[in-house]
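A quick write-up on the structure given underneath.
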Amino acid sequence: MFPAPFGYVRAESLDEALAVLAREGPGAKILAGGQSLLPMMKLRIAEPALLVDIHRLPALTGWQETAEGLTLGAVVRHSQLERAEALQEFYPLLGRTARWIADPLVRNRGTVAGSLAHADPAGDWGAALLALGASVTLRSLTRTRELPLDAFLVDIFTTALEPDEVLTAIRIPKPAGRPFGTYLKLERKVGDFAVVGVAVNVVLDARHTVVEAGIGLAGVGPRALRAPAAEAALIGHPLESGGIREAAALAAEAADPVSDRRGSRAYKRNVVRVFVERGLKALADESRPEVGVTA
Amino acid sequence: MANWVGQAWDRIEDLRLLTGRGRFVADLTAPGLVSVAFVRSPHAHAAINRVDLEPARRTPGVVAAFSGADLAPHIALGVTEQPPLALQAVHYVGEPVAVVVAEDRYAAEDGVEAVAVDWTPLPVVTDVRVALAEGAPTVVAGRPNLIAERRIGYGDVAAQFARAAVVVQERLVIHRATAQPLETRGVMAIPDPDGSGVTVWTTTQSPHELRRSLARSLRLSEDKVRVRTPDVGGSFGVKNRLYPEEVVVAWLAMRLVRPVRWIEDRLEHFAATQHEREQVHEVELAADAEGRLLALRDRFVVDNGAYVRGGVTVMQRTAMTIPGPYRLPALEAVGRLVRTHKTPIGPYRGAGRPQGCFVMERMMDRLAEAVGQDRAEVRRRNLIPPDAFPYATGIESPERVVYDSGDFPAVLEEALALAGWDQAAARIEAARQEGRWIGIGLAMNVEDTGGGGYEGARVRVDGNGEVTVYSGAVAQGQGHETAFAQVAAEVLDLPPERIRVALGDTDDIPLGIGTFGSRATTLAGNAVRESAIAVRRQIVEWAARLLEADPEDVVWEGGAAYVRGVPERRISLEAIAARANPLTPIPMGPEGPLPLGLEATTYFQSAPTYSSGCHACWVEVDPRTGQVRVLDYVVVHDCGRMLNPKLVEGQIYGGVLFGLSTVLLEELRYGEDGQLLTTTFLDYPLPTTTEMPPLRIAHRETPSPRNPLGIKGAGESGTIPALAALTAAVEDALKPFGVHLTELPLTPERLLQALAQSQSRP
Ligand SMILES: Cc1cc2nc3c(=O)[nH]c(=O)nc-3n(C[C@H](O)[C@H](O)[C@H](O)COP(=O)(O)OP(=O)(O)OC[C@H]3O[C@@H](n4cnc5c(N)ncnc54)[C@H](O)[C@@H]3O)c2cc1C
């Protein structure tokens, strides 16, 4: 479990990182938190010739909240979102997802963007950020493009990233009402990768009608999945048990899991149904005190 | 005498271990040290046609590379069934085939990647039923697939079954698992400069056995091999006895005349370090109409993997554990140890006993159901009463099983009271009203501890009055330094900080068996006591000489001696020690010489002592996902007199978590092609503190009459009943659905399948 020989540069600026990528070609790899890349290198599954370390680049740290939404820099760590109380009002799902990831050590180093770029189908951020309708900014030396996350995630460990590109930012649109979101994860033990992960996010208007809905699934497909039919079924209605059950059934249909050591296809699909139902019920309960006030 | 024994001292070793000052094999170094990586078999069964090491030898940083054929002429084969490096064929994935030595581990692994082996894959057997079938492929050429068959039992089983009112039957399946200590294995060998011998630093649990086996393998006399163990980060049985890598590394050091080190990585550990647990039992239990036991019949098969290590022990301990705390008039357990193309098995924490306990306790639950009685009541009716000791179970072979002492009814009743057994039905009903599915389980056990032979201790007071205890019962984190110091401090009436415990050097004491089988404290602890008593006598004799008094009149107290009635005139241990360990000529008085030195080595030998216990636990099952949460766990434990309750509780905490992990998390899985599918913690989850259930422990102390300290072993009893207790609790939670649990582990999916097959559904 010792990596093959590799080179290392710490980029002093984003442009330098982009220039190195452009020059070195596919042998060069971005190093962010190292929490996925280094284990792969130790197993010699990944043998990059050169690591380009961006994890301290000031241009990629922190986040901005504007009227349009939230922009996360590429090296925002899981633990930062776990603790970001200021984001709880408009983006409650972020903190509720972050705390499910691994353990404090991994959360202190691992980055949200690194998780998306790594595209582990069992990763938690893909599901959560799909539910939030996020998009990503990709930059190379010569161009900048913005892709919906749904288009960025391609397949197991595969994204739309070109070898010369860096994922520089993640954008989450501002909710058009009061947001409620939560993450449910079936794990065999605390800190485990998801057997099944379910992100549910709903935005309610003043009359408690669902105006936006996002359901993201982890561990049940070759990449993080959205459940568009389930989302559509929720929109335009209050969160009630009938609609919740219907959405849960539709989400289970959107799941496309494989049987493996963590469970069979049927088992995982069933858990999606159970968790979407439980998650939406929990959100309904959470929003209910206000329902009481206005009703 | 000071009363140190029985006190809940903090662990002496913790300051070192918890502040990062422990020294493990991977912390050791030596000038000119080279690193080793092994080429391991990717096949479960294949012929080796050719091993091409040239590309490895050309890899930058590589110093040397050797195959099994290169090694074979230089060492004695046959010390173990498995050759240190495979010769004509490999028999499990992970078997060492060749070794690459390099300036560092990076280069060694580069070299390993460069090695080309020409294989011919051969038929693979991963299932014991296939291995036993007519015309099955031979797993290891020249050796039978059925390694051993053992019949353990007593009484007239057929006659008892003939008069039974109730017979319950079950097929019970326990999966393969392993211990996974925090520290993997590691070896560093340093050759003597003149090439005549070698010092081997290793993580072993049995240094003296290793010295002998290495001496035989390397064709050296025992005194040319010195085995040392530094701090070791857990072992649980899997670091016991000689491994192939230890032979290879020791040989390399002598051959290259350089220090050589190998640190096992976790991938290697999964495949190269012994496994255990995997067994299938076909059980029948006979009882009368009141639920009194008549006989138990068990046919079971143990999957040994490819080579014989400790499989026979595992099989025997399983059978011998079956009767447990119950009067069982007749037993017939027939075990078969069968070879497959998997990693060899050997004992780890429990060593076959958890399976034996699982068999008995599952059957007790079945019996309760069959006779319509409460599970606790059925057990109560069958317990061996406290006045029946010594109690001969009837098992005569492989050793006579005679329980020394215990109070099983008291253990059971206390556990029931603590767990709230009598209120269980109401609590379960109340939970169901809230839509929650909870259940309670119960399991009892009796465990032979500290059996098998002897362990030794040497106590020495040097010329400056420093007291050191040496033993071959090395430590891997259990707290031996504390336990042995407590015994020595009590006997020598010294403050504990005056005692140093030095373990892990075969040069310090001639003989030792090692640490396993809950034996170290029972045997070595009593040896420390005997040696310390002898040293105390020597101290008093020297003190008498110096005080010009009769030894009978000398009082030894708090580290000083005086003549009875004259406490003002004291002489210290330092003064006595200086005189007893002279380095300059001292004129001899008219009394003549006294034996020199303050030192004694004794070996304490004993038949096993029998610890007992009862586990009771509450679980909650989510019937829609199959997830299990342990709500509450109670252990009532009797390991005789406790040297140190804190050490005992540490063992129980860890032991329960081990058992919980086997039931709920861990499983080593093989594909049909013999590939090990679980080779990282991603696929083989281990519990952490977050999975630790709330645990309540109650101690009962029934001293053992078999040793002066009255102690029994405590290292495995946290684990042994846990498999049965947790399974019973989960089954109880799902009782309304008629679920019967007979197969481990209890993965969420297996529980949902059991629910799907049951008559009623949630
Ligand atoms: C023990 C353990 C448990 C874990 N458990 C979980 C879990 O429960 N849930 C979960 O979701 N994750 C889990 N992870 C993964 C963790 O979240 C990682 O932090 C994350 O997957 C990768 O982020 P990173 O910053 O460490 O990326 P790195 O490891 O540095 O990089 C990962 C990959 O992404 C590329 N990359 C990184 N950043 C960029 C960028 N800005 N632009 C382009 N490419 C980039 C790298 O080149 C590399 O290919 C776990 C990891 C460990 C070690």
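Any value given below was found using the heavy atoms of this structure, including those in side chains, with hydrogens, waters and symmetry copies removed. Each chain gets a letter, A, B and so on, in the order its sequence line appears, and its residues count up from 1.
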Donor-acceptor contact below 3.5 Å, side chain B:Asp683 vs main chain A:Arg262: no

Side-chain touch B:Gln627/A:Leu186, heavy atoms, less than 4.5 angstrom: yes

Min side-chain heavy-atom separation A:Met1-B:Ile263 under 4.5 Å: no

Contact residues of residues 112-124 of chain A (partner chain B; heavy-atom separation under 4.5 angstrom): none

Under 4.5 Å from a heavy atom of chain A, the part of B:Leu267 involved: both

A:Arg261 and B:Glu749: CA distance, side-chain angles, deciding distance, salt bridge (charged side-chain N to carboxylate O under 4.0 Å, His left out) verdict: CA-CA 10 Å; A:Arg261 286 185 289 285; B:Glu749 174 145 35; over 6 Å; no

Contact origin within B:Leu664 toward chain A - heavy atom pairs under 4.5 Å: neither

SB check B:Asp622 A:Arg278 (cutoff 4.0 Å): yes

Proximal component of B:Glu667, with respect to chain A [non-hydrogen, under 4.5 Å]: neither

Nearest heavy atoms of B:Thr625 and A:Tyr267, plus distance in Å: O-OH, 2.6 Å

Residues of residues 98-107 of chain A within contact distance of chain B, non-hydrogen under 4.5 Å: none

Side chain to side chain contact (heavy atoms under 4.5 Å, CB included) partners of A:Ala32, counting only residues at least two apart: A:Thr111

Proximity breakdown for B:Glu109 and chain A, heavy-atom pairs closer than 4.5 Å: both

Greatest number of heavy atom pairs closer than 4.5 Å to chain A - which of B:Thr678, B:Leu677, B:Asp104, B:Thr688: B:Leu677

Positions in residues 33-43 of chain A that reach chain B, provided some heavy atom is under 4.5 Å away: A:Leu43

B:Glu691 side-chain N/O to A:Lys189 backbone N/O, donor-acceptor pair under 3.5 Å: no

